[in-house]
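Let me begin by presenting the structure, written as structure tokens, before commenting on it.
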2 protein chains.
Amino acid sequence: MKPASIRSIAREAGLSHSTVSLVLNNRGDELGLRSETQRQVREIAKRLNYVRNPLARGLAGKSTMTIGLLWDLAGPHLSEGMARNITLRTQNRGYTTYLFDCMSDPEVTRRQLMECRMRGVDAVVLRHSPALVMDEFSRQLKEFKAAVVVSAESLSLPVDLIQHDMVAGYVQAADHLANAGRKRPAILSPHGNISKVEAFLGHCRQRGMSVSDQSAINISGGGDPWKLMDQAIAMLTNQFPDKFPFDSLICTNDEIASAALVWLRDKGLLTPENVTVIGCNDAPFCVAMSPPLASIERHDEKVADAIEELIFSRLDDSGLPARRRIVPSQFIWRESAGRRCDHQEN
Amino acid sequence: MKPASIRSIAREAGLSHSTVSLVLNNRGDELGLRSETQRQVREIAKRLNYVRNPLARGLAGKSTMTIGLLWDLAGPHLSEGMARNITLRTQNRGYTTYLFDCMSDPEVTRRQLMECRMRGVDAVVLRHSPALVMDEFSRQLKEFKAAVVVSAESLSLPVDLIQHDMVAGYVQAADHLANAGRKRPAILSPHGNISKVEAFLGHCRQRGMSVSDQSAINISGGGDPWKLMDQAIAMLTNQFPDKFPFDSLICTNDEIASAALVWLRDKGLLTPENVTVIGCNDAPFCVAMSPPLASIERHDEKVADAIEELIFSRLDDSGLPARRRIVPSQFIWRESAGRRCDHQEN
DNA sequence: CTGAAAGCGCTTACAG
DNA sequence: CTGAAAGCGCTTACAG
């Protein structure tokens with residue numbers, strides 16, 4: 001059976017379909033339509049289970065009530081929860097979400113933004129990654145009523161921006177290690193995490209620790225945690241066949257850190273006594289490692305909150321200036337990080 | 001700037017817009033349009049970066065090139081990877097994905113299916129959960145050109161169905177435990193996993209193990225792994241203040257299992273010597289636990305493959321009968337499960 | 001071989 | 001206060 005249309009309501013009510021449309025868009029009072037007429041229209045609409053056709057509405061130039069989410073779903077930033085966090089928030093407001101895996105590919109991203117445009121999407125959320133030259137995209141983004149870019153770095157763009165500052169937690173971790181008297185830090189990360197690596201090692205150096213070229217241990221491979229763990233082990237084994245010259249190791253995700261924990265143990269090194277280990281993302285399993293794995297909490301829900309706020313405030317008021325929100329990550333101490341210093345709190 | 005339309009192409013080519021539409025829908029040859037005309041239309045379309053408006057196309061009754069994905073994104077079935085697995089597969093075929101969090105709520109699900117209908121979605125994928133009475137939905141599902149239901153149980157429905165058989169792995173696990181000489185199994189799970197609990201304990205009993213009412217340990221709480229871990233610990237502590245009367249414990253996810261591992265250790269019990277532990281979902285961190293955590297692999301990519309196959313084959317040929325695919329889970333042996341028996345292979 | 005016309009369901013000036 | 005008309009971009013009989 002065909003869904004009810006504005007015409008079927010009009011027929012039932014003995015009105016023209018334009019009157020029905022006006023009422024259903026809450027413009028009845030503004031145009032001074034009799035309140036009895038309005039009540040009746042709404043009642044019939046409800047009785048007929050009327051839902052307006054978003055395709056037709058969009059074609060007529062009005063909102064399609066949709067949000068486009070462009071994210072590198074396999075990315076190193078554990079996008080997992082994000083799709084849910086955002087979908088839930090937007091669907092609570094009556095919007096529907098398009099999910100795109102932009103794969104950090106500029107060409108794919110461009111095409112998907114065009115797709116969003118053609119589909120009359122009200123707002124887009126775009127996860128930035130270094131591969132995307134944003135200047136080029138900001139023009140495209142401005143075609144939407146609202147657009148939010150989520151980035152790890154501090155970009156300067158004429159659109160609403162959320163800086164998901166992962167570096168913050170690494171700096172806190174470096175501070176902790178300095179306070180705990182560690183001297184020789186290393187960081188184990190997949191290629192392409194330059195900003196974290198530099199921030200961490202830079203801060204370690206600043207705090208008087210001994211940092212060398214060797215301190216940055218790179219592993220290759222994409223977002224697949226299984227592969228990353230294998231390659232982390234392989235890299236460590238290959239690079240440090242005899243002595244492991246560091247007293248602290250931080251890893252850019254918890255899986256890699258857990259693999260490192262095993263590797264160190266097999267090598268006869270104690271954590272945290274000989275080498276402290278810190279992960280990143282604060283996955284639930286951290287507390288169950290032996291020893292419990294210190295980590296860096298991303299605060300993804302805060303990012304989702306900020307996305308929601310930025311998008312819907314702008315859909316409400318298109319005159320707002322470009323805004324910026326910062327969501328810092330946070331070091332979470334656990335035993336694997338070594339002695340806890342008194343002035344630390346989480 | 002406005003995107004190119006079929007009219008702008010027609011103007012450029014000196015044709016009527018209907019001719020352009022025909023060519024662009026590859027009906028040129030069928031209608032015997034001059035090939036030179038066709039070539040020219042396509043060339044202009046490309047030059048103008050023409051992308052057809054899916055809203056208009058949908059309104060005119062043709063495919064909108066969209067797929068609706070309804071899933072309980074917080075659900076106990078670790079939906080995380082699924083959204084990506086499916087999005088990637090559909091977008092490779094030129095389709096765009098709507099993501100809905102149906103929250104296992106019948107009312108929400110019903111509304112979202114209606115939403116899909118209004119949006120002219122070509123196909124829907126619906127994750128079944130016990131709260132959804134499917135008979136009621138199968139009518140709604142038949143309104144779509146293609147619909148796939150993914151369920152843990154074996155449903156009988158007149159639509160394409162994927163049975164993601166999680167029980168299979170539990171049965172294999174029970175077999176393993178029997179072969180390893182274990183006598184007193186327990187299963188730790190959130191409420192609502194009755195089918196797994198019954199299948200596991202039933203099979204244990206069949207294999208001669210000693211199963212009592214106590215063997216099923218229930219914990220409350222939703223899909224949040226943090227809370228589940230806390231509650232698992234609380235429940236174990238509360239229920240077994242003195243002696244833990246089992247020699248094997250299987251858990252319905254790896255996080256719970258990792259918490260149990262810690263609880264047992266704190267209690268002075270050795271894994272696997274005193275109590276074997278088995279998780280579920282085969283998360284990457286399993287290999288890094290001490291001892292390495294046996295688990296049950298879900299084979300989510302196989303589910304995604306089956307979804308892709310079922311949907312697109314039906315969009316190609318609507319005459320196909322209702323089909324059924326089974327994707328069984330699989331027990332993955334690791335040390336926490338105790339002695340490995342010779343005839344086992346993974 | 002090609003174009004004029006109607007229609008998909010909705011919105012919004014505009015005319016009464 | 002309310003209706004007839006045009007338009008959003010596309011598709012498809014139908015008439016030449």
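Every heavy atom of this structure was used, including side-chain atoms; hydrogens, water molecules and symmetry mates were not. So you know, we letter chains A, B, ... as the sequences are listed, proteins then strands, and number each from 1.
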Legend entry - Set of residues satisfying ring pair (Phe, Tyr, Trp, His ring centres under 6.0 Å) with respect to B/Tyr50, sequence neighbours excluded: none

Inset, instruction - Give the first and the last nucleotide of DNA chain C, reading 5' to 3', that has any atom under 4.0 Å from a heavy atom of chain A. - result: C/dG9 to C/dT12

Inset, instruction - Between A/Ser21 and B/Arg34, name the one whose nearest nucleotide on DNA chain C is closer to the 5' end. - result: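 Checking each residue's closest nucleotide, the 5'-ward one belongs to B/Arg34.
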
Inset, instruction - For B/Leu31 and for A/Pro3, find the nucleotide of DNA chain C with the closest heavy atom, then tell me which residue's nucleotide is more 5'. - result: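 Comparing both residues, the 5'-ward one is B/Leu31.
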
Legend entry - Watson-Crick and G-U pairing of DNA chain C, under 3.5 Å, as dot-bracket with | and [ ]: |||.||||||||.|||

Inset, instruction - Taking only heavy atoms on the protein side, list every residue of residues 54-64 of chain B lying under 4.0 Å from any atom of DNA chain D, sorted numerically. - result: B/Ala56, B/Arg57, B/Ala60, B/Lys62

Least distance between heavy atoms, [X] atom then [Y] atom:
{"X": "A/Cys102", "Y": "A/Thr109", "result": "CB-OG1, 3.5 Å"}
{"X": "A/Ser16", "Y": "A/Ala10", "result": "C-CB, 3.7 Å"}
{"X": "B/Arg324", "Y": "B/Ser156", "result": "NH2-CA, 3.9 Å"}

Inset, instruction - Go through A/Ser313 and A/Arg323 one step at a time and tell me if the side chain to side chain donor-acceptor pair (under 3.5 Å) criterion holds. - result: CA-CA 11 Å; A/Ser313 58; A/Arg323 292 155 298 168; 2.7 Å; yes

Inset, instruction - Using the test side-chain contact (heavy atoms from CB on, under 4.5 Å), find all partners of B/Ala60 that sit at least two apart in sequence or belong to another chain. - result: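 So B/Ala60 forms no side-chain contact (heavy atoms from CB on, under 4.5 Å) with any residue.
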
Legend entry - Residue whose nearest DNA chain D nucleotide is more 5′ - A/His17 or B/Lys2: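 It is A/His17, whose closest nucleotide lies nearer the 5' terminus.
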
Assess whether a salt bridge exists between [X] and [Y], defined as any Lys/Arg side-chain N lying under 4.0 Å from an Asp/Glu carboxylate O.
{"X": "B/Asp305", "Y": "B/Arg89", "answer": "yes"}
{"X": "B/Arg84", "Y": "A/Asp101", "answer": "yes"}
{"X": "B/Glu43", "Y": "B/Lys46", "answer": "no"}

Inset, instruction - Could you tell me whether A/Ser18 contacts a base, only the sugar-phosphate backbone, or nothing, with contacts defined as non-hydrogen atoms closer than 4.0 Å? - result: base

Inset, instruction - Using the salt bridge (charged side-chain N to carboxylate O under 4.0 Å, His left out) rule, collect all pairs that involve residues 143-157 of chain A, keeping only residues at least two apart or in two chains. - result: A/Arg117-A/Glu143, A/Asp122-A/Lys145

